[in-house]
There are 2 protein chains.
Amino acid sequence: MTRVSAEDRRDALIEAAIRVIAAKGVTAATTRAIVAEAGASLASFHYAFRSRDEMMAELITVVTTQEAESVVHALVPAETIEKTLEAGFHAYMNVVRSDPSREQAMFELNQYAMRTPGLEHLAREQYRTYFAVAEQILAAGAESGGLVWTRPLPELARLLITITDGLTTTWLADRDDAATDAVIRDAVDLIARYAVASPQKENR
Amino acid sequence: MTRVSAEDRRDALIEAAIRVIAAKGVTAATTRAIVAEAGASLASFHYAFRSRDEMMAELITVVTTQEAESVVHALVPAETIEKTLEAGFHAYMNVVRSDPSREQAMFELNQYAMRTPGLEHLAREQYRTYFAVAEQILAAGAESGGLVWTRPLPELARLLITITDGLTTTWLADRDDAATDAVIRDAVDLIARYAVASPQKENR
DNA sequence: GTCTATACACCGATAGAC
DNA sequence: GTCTATCGGTGTATAGAC
């Protein structure tokens with residue numbers, strides 16, 4: 001192997017680990033499987049990382065950020081808040097459908113963090129990121145339609161993530177697209193109720 | 001060890017495995033850890049089960065049934081459908097709070113089934129059981145209040161499970177009781193809208 | 001920095017005595 | 001049926017040559 005900076009080696013190993021995890025799950029992501037995917041030697045792994053858990057910790061934050069970006073990127077504002085929300089849910093579900101194993105891996109990683117001493121905070125951090133993304137999406141959706149939310153944004157963001165999580169776990173289990181769409185319509189109705197026309201800006 | 005029938009041995013090992021999984025996760029449930037918990041020898045495991053996966057398959061159906069029963073058992077009908085639903089969600093969350101690790105294990109087992117060749121059908125089966133329980137709960141809740149659902153029960157059952165799953169994953173990640181309660185109130189409003197007074201029985 | 005070789009723990013599973 | 005002892009494989013991590 002040609003010489004590579006420590007930073008590049010770490011990144012390459014993490015990207016390789018992400019591919020392995022997305023394909024075969026967290027359990028299959030052994031150091032041997034990761035270096036094989038990265039085309040590196042076993043020793044180079046422990047030159048770049050003190051331990052497998054150290055790499056997993058970094059991987060979790062990287063993959064959470066990637067997930068957040070891919071969801072935000074898939075969004076498109078529509079004419080009404082209902083259509084925007086519905087399109088948002090469908091865009092998200094298309095991300096899930098395009099790589100179910102990867103989405104399952106997000107849950108596995110969260111549980112891995114919860115079960116691993118010293119990594120518990122990463123589980124919480126992962127959801128903090130999700131909530132922040134949800135707030136961002138809701139804020140943008142309301143603003144583009146000239147609306148305001150009549151409920152505190154953090155509450156609606158958690159509601160959105162709760163439903164999204166549930167949609168994902170149930171779909172992963174039975175892959176029922178039609179039933180998922182029906183739940184999405186309910187979710188849209190529920191959330192859209194909390195959006196009202198923005199009051200005219202008052203002079204003062 | 002005294003002699004035990006094959007059936008009893010299987011049950012004892014499965015119960016031991018459930019305890020190990022609930023405490024430390026699916027990954028920690030090695031054959032050695034299980035027999036140690038059961039007070040048996042390693043060989044007796046493979047006398048009772050052809051393989052670890054054979055035991056895991058049986059365990060998943062057992063634990064899914066247990067989970068269904070413990071939820072149904074925690075229910076109490078109230079005066080209105082709203083109160084019944086809200087009490088139901090809180091009863092469920094109390095089950096989760098009383099043993100978070102066990103509830104996390106339900107997700108881990110589901111994912112284990114999805115990742116293990118030959119066990120995929122168990123993941124679907126697990127959710128079929130959940131949906132059936134949800135239908136049962138919704139039917140009983142409406143009947144006790146003299147109401148009928150204006151939506152197909154399977155759709156409402158899936159909605160209920162979707163929300164319950166999301167409530168669980170988010171609560172497991174950040175243990176935020178107050179935020180969870182707020183989401184529950186939304187869920188109650190959403191579902192209760194589909195219950196109306198039962199029409200009088202008509203003579204014919 | 002990168003490699004091969006290896007240490008050492010633990011995994012699932014089985015052989016064979018009792 | 002139950003046990004101890006052990007096999008072959010794989011896990012994380014490291015030693016030491018280059």
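Everything numeric in this text was worked out from a predicted model, so none of it was measured. Throughout, protein chains are lettered first and strands after them, A, B, ... in sequence-line order, and every chain is numbered starting at 1.
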Donor-acceptor pair (no angle test) under 3.5 Å: A/Arg32 side chain, D/dT10 base: no
Give the minimum heavy-atom separation between B/Met55 and B/Phe45, together with the two atoms involved. SD-CE1, 3.7 Å
In whole Å, I'd like the distance from the NE2 atom of B/His46 to the C1' atom of D/dG8. 14 Å
We want to know whether A/Tyr92 and A/Thr168 form a side-chain donor-acceptor pair, criterion being a heavy-atom distance below 3.5 angstrom. yes
Calculate the interatomic distance between A/Glu7 atom CD and C/dG1 atom C1'; express it in whole Å. 15 Å
Atom pair distance, as rounded to whole Å: CZ in B/Phe49 and C1' in C/dC11: 18 Å
Cationic N near anionic O, under 4.0 Å, B/Glu54 to B/Arg10: yes
Take the protein atom CZ of B/Phe45 and the nucleotide atom P of C/dC11, then report the distance between them rounded to whole Å. 12 Å
Compare side-chain N and O positions of A/Ser44 against OP1 and OP2 of C/dG1 and report whether any pair is under 4.0 Å apart. no
Are OP1 or OP2 of D/dT2 and a side-chain N or O of B/Tyr47 less than 4.0 angstrom apart? no
For B/Ile34 and C/dC10, give me the distance from atom CD1 to atom C1', rounded to whole Å. 14 Å
Presence of A/Ser41 side-chain N/O under 4.0 Å of C/dT2 phosphate oxygens OP1/OP2: no
Earlier contact from the 5' end, DNA chain C, for A/Ala43 and B/Ala29: A/Ala43
Roughly how many Å is it from CD in B/Glu54 to C1' in C/dG12, rounded to a whole number? 14 Å
With distance as the sole test, does B/Thr150 use its side chain to make a donor-acceptor pair with the main-chain N or O of B/Tyr194 at under 3.5 Å? yes
Determine the interplanar angle of the B/Tyr130 and B/Tyr127 rings, folded into 0 to 90°, and report it as parallel if under 30°, tilted if 30 to 60°, perpendicular if over 60°. perpendicular
Would you say D/dT2 has OP1 or OP2 under 4.0 Å from some side-chain N or O of B/Arg9? yes
Could you tell me the separation between the CZ atom of A/Arg50 and the P atom of D/dT14, rounded to a whole number of Å? 10 Å
Round to the nearest Å and state the distance from B/Leu42 atom CG to C/dC10 atom C1'. 11 Å
